[in-house]
Amino acid sequence: MAELNNSPDESRKTTQNFCTTVLQKSLTSMEWCITNFELLQACNITLESSSFKSENGLTGTWKLRLVTSINLTERNVGLYAVCSERPDYAYVDCNICVVGAEGMETNVKKISSVLKTNNIDFPDFITKFHLGDMLQNGNLTVRCSITVTTMNKTETICSGQLDLGKNLSNDFSNLLMDEFLSDITLVCGEKQFLAHKCVLSARSPVFKAMFTHDLKENQLNSVEITDIESEALEHLLTFIYTDKIFDDLNADMTIGLLRAADKYQLSELKIHCGKHLKKQLSLVNFSDLANIADIYDLDGLKNDCIEFVLERNAQNLFSENLVTGAPRYLIEEVLKKVLPDVRNIEEIPKEKLQSTISHFGRSAETSTGFSFAQPSRF
């Protein structure tokens with residue numbers, strides 16, 4: 001975290017700009033025992049551990065996901081460390097292993113990198129040739145340790161420079177919290193939020209139309225909101241007054257806030273929500289978030305979802321049916337990278353399409369060989 005030192009030492013007296021960056025390292029670990037694992041050796045199945053995190057919470061919240069993959073030639077076990085609350089910018093050391101007899105660690109795997117997505121992937125954690133040797137009395141025990149170093153980008157601070165935007169944001173935040181001179185009540189479920197018509201009208205065309213016409217809400221000085229969760233409305237008001245959103249929102253809350261931003265025509269907040277959802281992209285949810293981007297016209301998030309697929313092994317994504325339910329634009333853009341001379345799927349000759357499908361694997365069957373989601377309002 002960049003901090004301004006209010007009492008610079010002698011060496012800084014001639015320096016116009018200075019700052020301090022604080023790095024913090026935290027460790028969390030999990031030992032996961034799956035009893036009677038030998039019963040699953042002939043199955044395609046996905047299992048998840050319980051969640052775990054460090055005591056100070058700086059590692060984010062993690063869980064382990066184990067996936068067995070069976071086909072004619074292979075029987076592999078993949079292990080994935082999945083972070084549901086990923087720190088904004090972090091360097092991760094992840095060690096996983098199988099715990100054998102007398103606690104001996106075998107099949108040790110390590111990854112050290114900047115955490116760019118919510119997953120750390122070990123798709124071939126255990127191969128079919130070694131699977132039997134890893135079990136103890138039919139049980140499989142895996143151990144995972146994750147060390148996270150959080151790094152906040154350093155900002156140059158000019159001494160003596162006033163941050164007028166920050167002061168204004170803080171003043172309006174206090175105005176919202178103090179409820180001073182409020183003249184409108186927003187009722188959402190059992191909660192009530194006192195606000196100011198002039199502020200809401202200045203930020204939202206919907207509120208402006210509501211308060212400048214002879215409507216019931218304007219006469220009663222009360223607006224009843226039934227289609228937005230109270231927590232999402234609270235974050236919406238925070239953005240309206242301060243132009244900020246909290247960094248610790250999970251994907252569900254961000255989608256709820258996005259729905260509210262769309263309703264009240266806050267285009268900048270929609271963009272912020274799209275950027276926030278980009279941080280939540282994973283192999284588990286990229287198809288759902290691609291649909292969200294399509295529904296709410298988030299071009300930035302659409303491109304992020306496309307890049308997410310292209311940066312990974314597209315063959316595995318298709319063969320494991322992870323694209324089932326993905327919107328049409330996502331699959332079309334992936335195919336365009338393979339067949340750049342074709343504008344859309346309908347133009348692909350049947351022979352070339354079948355060849356492409358064979359290259360990528362099989363998805364749910366449709367007239368073109370793929371499964372497309374039909375967008376619907378969330």
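Taking the six-membered ring where tryptophan is involved, the planes of Tyr241 and Phe172 are tilted, since the angle between them lies from 30° to 60°.
To the nearest 0.5 Å, atom NE2 of residue His196 and atom CG of residue Leu181 are 6.0 Å apart. A distance of 8.5 Å separates CG in Asn285 from CG in Asn119, rounded to the nearest 0.5 Å. Distance check, rounded to the nearest 0.5 Å: CZ of Phe193 to CG of Leu233 gives 5.0 Å. Lys279 NZ to Cys83 SG: the interatomic distance, rounded to the nearest 0.5 Å, is 12.5 Å. Put simply, CE on Met253 and CD on Glu234 are 9.0 Å apart, with the number rounded to the nearest 0.5 Å. Here CZ of Arg259 is found 12.5 Å from CG of Leu236. Values are rounded to the nearest 0.5 Å.
Side-chain contact between Ile146 and Asp93: absent, with no pair of heavy atoms (C-beta onward) separated by less than 4.5 Å. Ile292 has its side chain within reach of Leu277: a pair of non-hydrogen atoms, C-beta onward, lies under 4.5 Å apart. A heavy-atom distance below 4.5 Å is found between the side chains of Leu140 and Met134. Side-chain atoms of Val108 and Arg143, non-hydrogen and from C-beta on, never get closer than 4.5 Å to each other. Contact of the Ser49 side chain with the Trp62 side chain is not registered, since no non-hydrogen atoms from C-beta on lie closer than 4.5 Å. By the 4.5 Å heavy-atom criterion applied to side chains, Thr238 and Phe246 are counted as neighbours. Residues Phe308 and Thr117 are in side-chain contact: their nearest non-hydrogen atoms beyond the backbone lie under 4.5 Å apart. Side chains of Tyr91 and Leu115 form no contact here, defined as non-hydrogen atoms less than 4.5 Å apart.
In terms of heavy-atom proximity, Lys63 sits nearest to Ser51 at CE-OG, 3.8 Å. The shortest heavy-atom contact between Ser26 and Ser54 is CB-OG, 4.0 Å. Between Lys110 and Asn95, the shortest heavy-atom contact is CG-OD1, 3.0 Å. Between Gln280 and Leu249, the shortest heavy-atom contact is NE2-O, 3.4 Å. The two atoms that bring Val206 and Gln265 nearest to each other are CG2-NE2, 3.7 Å, heavy atoms only. Phe207 and Leu200 make their closest contact through CB-O, 3.6 Å (heavy atoms, listed as atom of the first residue, atom of the second, distance).
When the side-chain contact (heavy atoms from CB on, under 4.5 Å) test is applied to Asp252, the partners found at least two apart in sequence or on another chain are Asn250. The side-chain contact (heavy atoms from CB on, under 4.5 Å) search around Lys109 returns Ile96, Asn107, Phe122, Phe125, not counting sequence neighbours.
With hydrogens and angles disregarded, a donor-acceptor distance shorter than 3.5 Å links the side chain of Asn303 to the backbone of Asp299. In this structure, Ser29 contributes its side chain and Cys144 its backbone to no donor-acceptor pair below 3.5 Å. Proximity of a side-chain donor or acceptor of Ser169 to a complementary backbone N or O of Thr242 within less than 3.5 Å is detected.
Ile228 and Leu194 are members of different hydrophobic clusters when ILVMFWY side chains are connected at heavy-atom separations under 4.5 Å. Residues Ile271 and Ile255 do not share a hydrophobic cluster, defined by chaining ILVMFWY side chains whose heavy atoms lie under 4.5 Å apart. Leu135 and Val98 fall within the same hydrophobic cluster, defined by Ile, Leu, Val, Met, Phe, Trp and Tyr side-chain heavy atoms under 4.5 Å apart, directly or through other members. When hydrophobic clusters are built by joining Ile, Leu, Val, Met, Phe, Trp and Tyr residues whose side-chain heavy atoms come closer than 4.5 Å, directly or via intermediates, Ile225 is grouped together with Ile240. Taken together through direct or relayed side-chain contacts under 4.5 Å among Ile, Leu, Val, Met, Phe, Trp and Tyr, Leu27 and Val114 form parts of separate hydrophobic clusters.
Judged by a 6.0 Å distance limit and a 45° cone about the ring axis, Arg203 is positioned over the six-membered ring of Phe239. Note that Lys302 lies in the cation-pi zone of Tyr329, set by a 6.0 Å cut-off to the ring centre and a 45° limit from the axis.
When the shell of 6.0 Å around CD of Glu224 is examined, it contains 12 or fewer heavy atoms from other residues, nucleotides or ligands. Shown here is Asn137, whose CG atom has no more than 12 heavy atoms of other residues, nucleotides or ligands within 6.0 Å. Within 6.0 Å of NZ on Lys25 lie no more than 12 heavy atoms contributed by other residues, nucleotides or ligands.
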Going through the distances and angles, do Leu64 and Tyr80 end up as a side-chain contact (heavy atoms from CB on, under 4.5 Å)?
CA-CA 6 Å; Leu64 299 180; Tyr80 305 85; over 6 Å; no
From CA spacing to verdict: side-chain contact (heavy atoms from CB on, under 4.5 Å), Met30, Ser50:
CA-CA 9 Å; Met30 167 65 77; Ser50 58; 3.6 Å; yes
Using the side chain to side chain donor-acceptor pair (under 3.5 Å) rule, take Asn139 and Thr35 through it: C-alpha gap first, then chi angles, then the decisive distance, then the call.
CA-CA 4 Å; Asn139 303 332; Thr35 61; 4.9 Å; no
May I have the list of side-chain donor-acceptor pairs in residues 213-223 shorter than 3.5 Å, sequence neighbours left out?
unit_1, atom_1, unit_2, atom_2, d
His213, ND1, Ala209, O, 2.7
Asp214, OD1, Gln219, NE2, 2.4
Asp214, OD2, Gln219, NE2, 3.4
Asn218, OD1, Lys197, NZ, 2.9
Asn218, ND2, Phe211, O, 3.2
Asn218, ND2, His213, O, 3.3
Asn221, OD1, Lys197, NZ, 2.5

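A salt bridge is defined here as a Lys NZ or Arg NE, NH1 or NH2 lying under 4.0 Å from an Asp or Glu carboxylate O, and Lys270 with Asp262 meets this definition. Salt bridge absent: Asp304 and Lys275 never bring a charged side-chain N and a carboxylate O closer than 4.0 Å.
For the side-chain contact (heavy atoms from CB on, under 4.5 Å) with Val92, the lone residue among Thr147, Ile111, Thr149, Ile120 that qualifies is Ile120.
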